[in-house]
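Taking it in order: structure first as structure tokens, then the write-up.
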Amino acid sequence: MGSLKGKDILHGNQFSKRDIDTIIKNASYFEKELKKKKALNLLEGKILATLFFEPSTRTRLSFEAAMQRLGGGVISLGSVESSSVAKGETLTDTVRTASQYADVIVIRHPRTGSAREAAEAVSTPIINAGDGTGQHPTQALLDIYTIYKELGSLKNLVVSIIGDLKNGRTVHALVELLSLYQTQFYFVSPGALRMPEEITSNLTQRGIKIEETEDMLKATNASHLIYMTRIQKERFTDLSEYERVKGSYIIDEAFLKKLKKKITILHPLPRVDEISTEVDDYPGAAYFRQMRNGVFVRMALLAMVLEGIP
Ligand code: CP
């Protein structure tokens, strides 16, 4: 990939190990700089547009915070109902409009492939903040940064990814990145929510070891890291099917007692019931630190896309 200047960020598979090293280095730099002072002026005069056609708390707020910490400005579509999308304006026309006002556009949309469509419509860099059940590459990059900080290395890890693997765009992007580091995967899900076949077959063809199982305890006891995900009610067309699988996997105090050793637990959040609040004080529970890392990684990405910092 080389320099990110002027580039779109659309998919986990666009990053090499070298790119990831650079992003980690830059995120770490911004984390340290923010400890010294709260605001920098690297992106003064630049504008970020956030176009969120699906709900978000962390991605949107951390992108907006990242831009403002770097001295830039933010404009936002606000709710879909309060924009001309409510009058029937297309995604492409909405993105064309934002590109006249902003230097970079962050977009979340329910349709898989929508970010790429947006990128094809304009020359302004597009950052995919989640396209349906497709990809969420900036979440995967902050997950990688968190794993590096929590475990000290990305190499040769055994990782259990648990929950809604069919619909989870965060995990679809994360396995792309982790697979660069000889990761072994346990994919733990109900049968109806297994990792898509195109992802598992791609991993297998590349010699990556994966095991699909419904046994969370067996998988986690063999792993360095748990990546827990929410069963995504909003993706089900048949709610009775959701009722059948909801609550399939829950990490609570009773489950932690069954573990043979301390383990690191990540979750992209939001959570519903899959991690009990009693787990929050467990030393390996890193999901709130993970959420905070989003600002540093997104600062790095904005600075790299807009200023081409090496
Ligand atoms: N992890 C994540 O994408 O969170 P939000 O949906 O709150 O942005």
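Every value quoted in this text rests on a predicted model; they were computed, and no experiment measured them. In each ligand, atom 1 is the first atom listed, and ligand 1 is the first ligand listed. In this chain, numbering begins with 1 at the start of the sequence shown.
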Give every donor-acceptor pair under 3.5 Å between a side-chain atom in residues 186-197 and any protein atom, sequence neighbours left out.
unit_1 : atom_1 : unit_2 : atom_2 : d
S189   : OG     : L193   : O      : 3.4
R194   : NE     : E212   : OE1    : 3.1
R194   : NH2    : E212   : OE2    : 3.0

Handout entry: N-O pairing of K233 and E243 below 4.0 Å
Key = no

Problem - Salt bridge E234-R230, side-chain N to carboxylate O under 4.0 Å - result: yes

Completion exercise
Those residues at least two apart in sequence (or on a different chain) that pass salt bridge (Lys or Arg N to Asp or Glu O under 4.0 Å) with E274 are none

Completion exercise
Residues at least two apart in sequence or cross-chain that pass salt bridge (Lys or Arg N to Asp or Glu O under 4.0 Å) with D93, listed by chain then number, are R96

Exercise for the section: Answer yes when E198 and K166 have at least one side-chain N-carboxylate O distance shorter than 4.0 Å, and no when they do not. Expected result: no

Exercise for the section: Output the set of protein residues with a heavy-atom contact under 4.0 Å to ligand 1, ordered first by chain identifier and then by residue number. Expected result: S56, T57, R58, T59, R108, H136, Q139, P268, L269

